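Taking it in order: structure first as structure tokens, then the write-up.
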Amino acid sequence: MMKYFHRQVQLWGEETQTLLQNKKIAIVGAGGLGSSLAFALGASGIGEIHIIDFDEVSTHNIHRQIAFKIGDEGKNKATINAMLIEQRCPFVKAVSHECNFEEWCKKNIAVDLIIDATDNLHTRGEIDSYAKSKNLPWIYGSVEAFHGQVCFFENSSFRDAFKIISKAPAGIAAPIVMHIASLQANLALRYLAGLSVKKDWLYYLFFNHDGELITQKFALPKA
């Protein structure tokens with residue numbers, strides 16, 4: 001196993017890599033963010049990854065949802081991602097849940113971290129409430145057009161920080177999806193490996209009119 005993870009072991013040693021093997025996470029959503037998260041974290045040696053999504057692949061998903069290809073239309077997104085994880089890394093158990101987040105919560109599956117890969121504020125509010133009830137941290141991520149947001153939630157309240165509304169999504173570019181998912185994955189790995197993580201700070205990233213990447217950060221109030 002350590003040969004597979006050789007470059008990571010160079011970062012933090014065999015003891016930490018073994019620690020990851022005992023961790024369990026849940027990724028809520030298996031589309032754009034979820035696909036990239038599954039690729040990044042599914043090959044990192046986390047012992048058990050639960051992927052939750054009731055949705056099926058559509059043609060318009062494929063350009064930015066890297067787990068899918070033409071011919072996957074009509075298949076469940078969580079199932080495809082779980083299969084790819086186990087194909088790429090035999091040391092990880094990937095479990096797909098073809099249901100919504102509320103139904104998954106009723107299964108009462110113990111995890112160490114929840115990662116948001118959804119596309120709506122209502123589900124993120126549900127994730128926050130569930131995480132608080134279980135005393136769990138979770139990582140928020142969202143993308144739209146050429147900008148995105150990331151936050152490691154521990155004590156702050158998502159519902160206090162964001163107004164929960166229904167909003168039709170705008171267009172989106174594929175690279176920003178991968179970029180935000182990468183930031184989420186790095187936070188997840190650092191936390192699970194026992195490294196320091198800045199918590200309850202919202203990071204907002206966007207490209208200005210000159211094409212310059214701007215990063216802003218905001219401290220969120222405690223719940």
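Just so it is clear, the structure is predicted and the values come from calculations on it, not from any experiment. Numbers here simply count residues along the sequence, with the first being 1.
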Whether Tyr4 and Phe91 hold their rings parallel, tilted or perpendicular, with breakpoints at 30° and 60°: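 Plane angle over 60°, so perpendicular.
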
In this structure, are over 12 heavy atoms from other groups packed under 6.0 Å from [X] atom [atom1]?
X	atom1	value
Phe146	CZ	no
Glu15	CD	no
Lys132	NZ	yes
Asn208	CG	yes
Phe54	CZ	no
Glu14	CD	no

Considering all heavy atoms of both residues, which atom of [X] and which atom of [Y] are nearest to each other, and what is their separation?
X	Y	result
Gln184	Ile139	NE2-O, 3.5 Å
Ser35	Ala30	OG-O, 3.5 Å
Ala174	His63	CB-O, 3.6 Å
Gln8	Leu20	NE2-CD1, 4.4 Å
Ile52	Ala26	CD1-CB, 4.1 Å

Any side-chain heavy atom of [X] within less than 4.5 Å of one from [Y]?
X	Y	answer
Leu37	Ile115	yes
Tyr140	Ile127	no
Lys199	Asn155	no
Ile172	Arg64	yes
His50	Ile27	no
Ile66	Met178	yes
Ser58	Glu73	no

Ring centroid separation Tyr130 to Trp138 under 6.0 Å: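 For Tyr130 and Trp138, the ring centres are not under 6.0 Å apart.
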
Pairs meeting criterion ring pair (Phe, Tyr, Trp, His ring centres under 6.0 Å) with involvement of residues 176-201, two or more places apart: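 Checked against ring pair (Phe, Tyr, Trp, His ring centres under 6.0 Å) - neighbours excluded - the pairs reaching residues 176-201 are Phe152-Tyr191.
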
Single-linkage hydrophobic cluster Ile109~Val28, side-chain heavy atoms < 4.5 angstrom: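 Yes; tracing contacts between hydrophobic side chains, which count when under 4.5 Å, links both residues.
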
Carboxylate-amine/guanidinium proximity below 4.0 Å for Asp128 and Arg124: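 No salt bridge links Asp128 with Arg124.
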
Test applied, salt bridge (charged side-chain N to carboxylate O under 4.0 Å, His left out); reference residue, Lys77; option that passes from Asp72, Asp55, Asp53: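 Checked Asp72, Asp55, Asp53 against Lys77; only one passes salt bridge (charged side-chain N to carboxylate O under 4.0 Å, His left out): Asp55.
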
Thr118-Asp116 side chain donor-acceptor pair, cut-off 3.5 Å: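 Looking only at side-chain atoms, Asp116 and Thr118 do form a donor-acceptor pair, the distance falling under 3.5 Å.
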
